[in-house]
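A short worksheet on the structure shown next.
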2 protein chains.
Amino acid sequence: MKKPNRARSRTPIREQQRLDPSEREGIIAREAVSFFAEYGFEGQTRELARRLRITQPLLYRYFPSKEALIERVYQEVFVERWKPSWEAIITDRSVPLKTRLIQFYREYAGVILTYEWIRLFMFAGLKDLGLNARYLKMLRERAFERLIEEIRFEYGRPSTRDLPITVLEIEMVWGLHAAIFYLGVRKFIYSMPLETDVNSIIDAKVTTFLGGIRSVLPAKETV
Amino acid sequence: MKKPNRARSRTPIREQQRLDPSEREGIIAREAVSFFAEYGFEGQTRELARRLRITQPLLYRYFPSKEALIERVYQEVFVERWKPSWEAIITDRSVPLKTRLIQFYREYAGVILTYEWIRLFMFAGLKDLGLNARYLKMLRERAFERLIEEIRFEYGRPSTRDLPITVLEIEMVWGLHAAIFYLGVRKFIYSMPLETDVNSIIDAKVTTFLGGIRSVLPAKETV
DNA sequence: CTTTTTGTTTATCAAATGATAAATAAGTAT
DNA sequence: ATACTTATTTATCATTTGATAAACAAAAAG
């Protein structure tokens, strides 16, 4: 009933006007993600409207301002695309640690190594806004800290609840994250095609990581 | 009248006007580096002029267009700041390989891990322009390929002239580069203060790198 | 069919912005 | 001093751009 897109119109080929508000809003938001990822937040509303095949003032019926539209883009990409299931993957001790790490990073890479995610994250950072710091704080709390806890457990070290995470430990995790993130930077910001399979790079990096992090873990004697 | 600061008054208390053209041009270029690094290339010429305490049209006496000024900024940062001596450091076989690597990366990091370099490089990448690809091509040719040649030599492997650099080898070098570059991204784009000394991170990364790259070098038997 | 509602477009504003031309004035040469 | 050169400013233009109001038209309601 709410799909009145054509009716007796013989030519549904062309533009369907007068969409349901929620549908139109979704279309605008989706296109805005793609648009701002390409041109940055200085991209003009008229050009966005042109890509949507609507007029520019119509944007303001659905979003009170350009800034509000940008906020929606953040929501769409950095909040909606986070999968809570990742946290479960990391802490599922019925699976070998290395397997968990590889699975998490493969899935995570699958989400962030996209044109939209990488570029929007970088645009946001350059504009400031605190968005990046907020996101990375979440990443640290939900993923990295759990991950270190699991590594501590694996090697029989004290829990992070008893002995706070050290600078060296978190630095190692940042290093792993950097390696993956940089693949996206090379591909989507520098326009340099990757010559290697992402998954195999991840596997190699995780292996190296696990091999190296033992040396920075707190001693067993502690506690 | 208005500006009584004149005469041969040796008191440069207030603004000195009417600078020598080459001097003024240098001042503008220097400030433009700082300005565009902060606001991006969409930063407005009027605001730049305000920071320079000059009027906006004066900019156009020294640079025919905003784009020309931006080109000058690229020159100033990505060309002028490259030190040819780095190439000598890498290939100086009178020095232990690890020492050379650490020295090179410390010096290189000293140049690129700055607010201006990191942000301008990212702004340029997002705007495209091919600047990044061009720069990284140079980095690869002048530094990375030499570096791999030295590693091959150190471990008694065939020269890169006889056996081309492999994808795995160059990927390892990219990984090292990523680790360092990402420090700059964290600090100057995400505004996250680094909790660790950069030099010690570099030392650790180089050590890990040298420990790991053996396994991806071509076999001795080849050739 | 007529009226009402509302998604969409047309017309337009005000401020911002890169750029140019003419006026001004600081320094130099005569 | 006077004339000349030119670094700098004042005034201004033509577009661009985020945003608003009114007009229009496609459905829904009566």
Side-chain angles (χ1 to χ4, degrees), chain A residues 1-12 14-29 31-32 35-36 38-73 123 127, chain B residues 1-29 31-32 35-36 38-73 127:
Chain A
M1 175 201 152
K2 262 312 179 186
K3 278 293 179 184
N5 67 341
R6 335 161 336 198
R8 49 243 165 243
S9 168
R10 263 160 261 300
T11 50
R14 204 50 180 153
E15 33 204 322
Q16 45 181 346
Q17 292 173 325
R18 252 182 116 72
L19 296 188
D20 187 79
S22 67
E23 187 181 357
R24 176 68 79 192
E25 184 182 314
I27 291 176
I28 291 176
E31 187 70 28
F35 177 75
F36 287 126
E38 183 171 354
Y39 297 102
F41 301 121
E42 319 272 349
Q44 303 129 15
T45 55
R46 277 174 179 76
E47 175 65 14
L48 169 59
R50 200 187 58 73
R51 281 169 60 145
L52 281 161
R53 297 178 182 278
I54 62 175
T55 57
Q56 181 246 6
L58 188 56
L59 295 174
Y60 289 84
R61 173 139 185 127
Y62 295 93
F63 298 92
S65 68
K66 184 182 179 181
E67 201 50 44
L69 180 54
I70 291 173
E71 283 299 326
R72 172 61 177 273
V73 167
F123 275 124
K127 187 186 175 188
Chain B
M1 253 184 90
K2 47 188 310 188
K3 279 297 182 346
N5 81 331
R6 36 141 288 100
R8 44 252 162 249
S9 166
R10 288 294 158 231
T11 49
I13 300 174
R14 201 48 180 154
E15 31 205 325
Q16 43 182 341
Q17 292 174 326
R18 247 181 124 71
L19 296 187
D20 187 78
S22 68
E23 188 182 357
R24 176 67 80 193
E25 184 182 313
I27 291 176
I28 292 176
E31 187 70 28
F35 177 75
F36 288 126
E38 183 170 354
Y39 296 103
F41 301 121
E42 319 272 348
Q44 303 130 18
T45 56
R46 277 173 179 76
E47 175 66 14
L48 169 59
R50 200 186 58 72
R51 281 169 59 146
L52 282 161
R53 296 177 182 277
I54 62 176
T55 56
Q56 181 246 5
L58 188 57
L59 295 174
Y60 288 85
R61 173 142 184 126
Y62 295 94
F63 297 93
S65 69
K66 183 181 179 181
E67 201 50 43
L69 181 54
I70 291 172
E71 282 299 325
R72 172 62 177 273
V73 166
K127 186 186 175 188

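In the text below, chain A, chain B and the rest are named by the order of the sequence lines, each starting its count at 1.
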Quick one: which of [options] gets closest to the side chain of [X]?
X	options	value
Arg46(A)	dA19(C), dT20(D), dC13(C)	dC13(C)
Pro57(A)	dT9(D), dG7(C), dA11(C)	dA11(C)
Gln56(A)	dG18(C), dA19(D), dT5(D)	dA19(D)
Tyr60(A)	dT6(C), dA19(D), dT20(C)	dA19(D)

Take the protein atom [atom1] of [X] and the nucleotide atom [atom2] of [N], then report the distance between them rounded to whole Å.
X	N	atom1	atom2	answer
Arg18(A)	dT6(C)	CZ	C1'	5 Å
Ile27(B)	dA7(D)	CD1	C1'	13 Å
Asp20(A)	dA26(D)	CG	P	18 Å
Leu52(B)	dA7(D)	CG	P	17 Å
Phe41(B)	dG18(C)	CZ	C1'	17 Å
Leu19(B)	dT6(D)	CG	P	16 Å
Leu58(B)	dA21(C)	CG	P	16 Å
Glu47(A)	dG18(D)	CD	C1'	15 Å

Kindly say if [X] contacts the phosphate of [N], meaning a side-chain N or O under 4.0 Å from OP1 or OP2.
X	N	value
Thr45(B)	dG18(C)	yes
Tyr62(B)	dT8(D)	yes
Arg61(A)	dT20(D)	no

Between OH on residue Tyr39(A) and CD on residue Glu47(A), distance to nearest 0.5 Å
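Answer rounded to 0.5 Å: 5.0 Å.
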Rounded to the nearest 0.5 Å, what separates atom OH in Tyr62(A) from atom CG in Leu69(A)?
13.0 Å
For Lys66(B) and Leu48(B), run side chain to side chain contact (heavy atoms under 4.5 Å, CB included): C-alpha distance rounded to whole Å, both residues' side-chain angles, the deciding distance at 0.1 Å, then the answer.
CA-CA 11 Å; Lys66(B) 183 181 179 181; Leu48(B) 169 59; over 6 Å; no
Between Ala49(B) and Leu59(B) the two heavy atoms that sit nearest each other are CB-CD1, 4.3 Å
On DNA chain C, nearest-nucleotide positions of Leu59(A) versus Gly43(B): which is more 5'?
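Its nearest nucleotide lies further toward 5', so the answer is Leu59(A).
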Residues in residues 63-70 of chain B with a heavy atom under 4.0 Å of DNA chain C, by number, are Ser65(B), Lys66(B)
Find out whether Thr45(B) and Tyr60(B) are in side-chain contact, i.e. whether some heavy atom of one side chain is under 4.5 Å from a heavy atom of the other.
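A side-chain contact under 4.5 Å exists here.
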Under the salt bridge (charged side-chain N to carboxylate O under 4.0 Å, His left out) test against Glu31(A), which residue among Arg51(A), Arg24(A), Arg50(A) passes?
Arg51(A)
Going through the distances and angles, do Ile54(A) and Ile28(A) end up as a side chain to side chain contact (heavy atoms under 4.5 Å, CB included)?
CA-CA 10 Å; Ile54(A) 62 175; Ile28(A) 291 176; 4.2 Å; yes
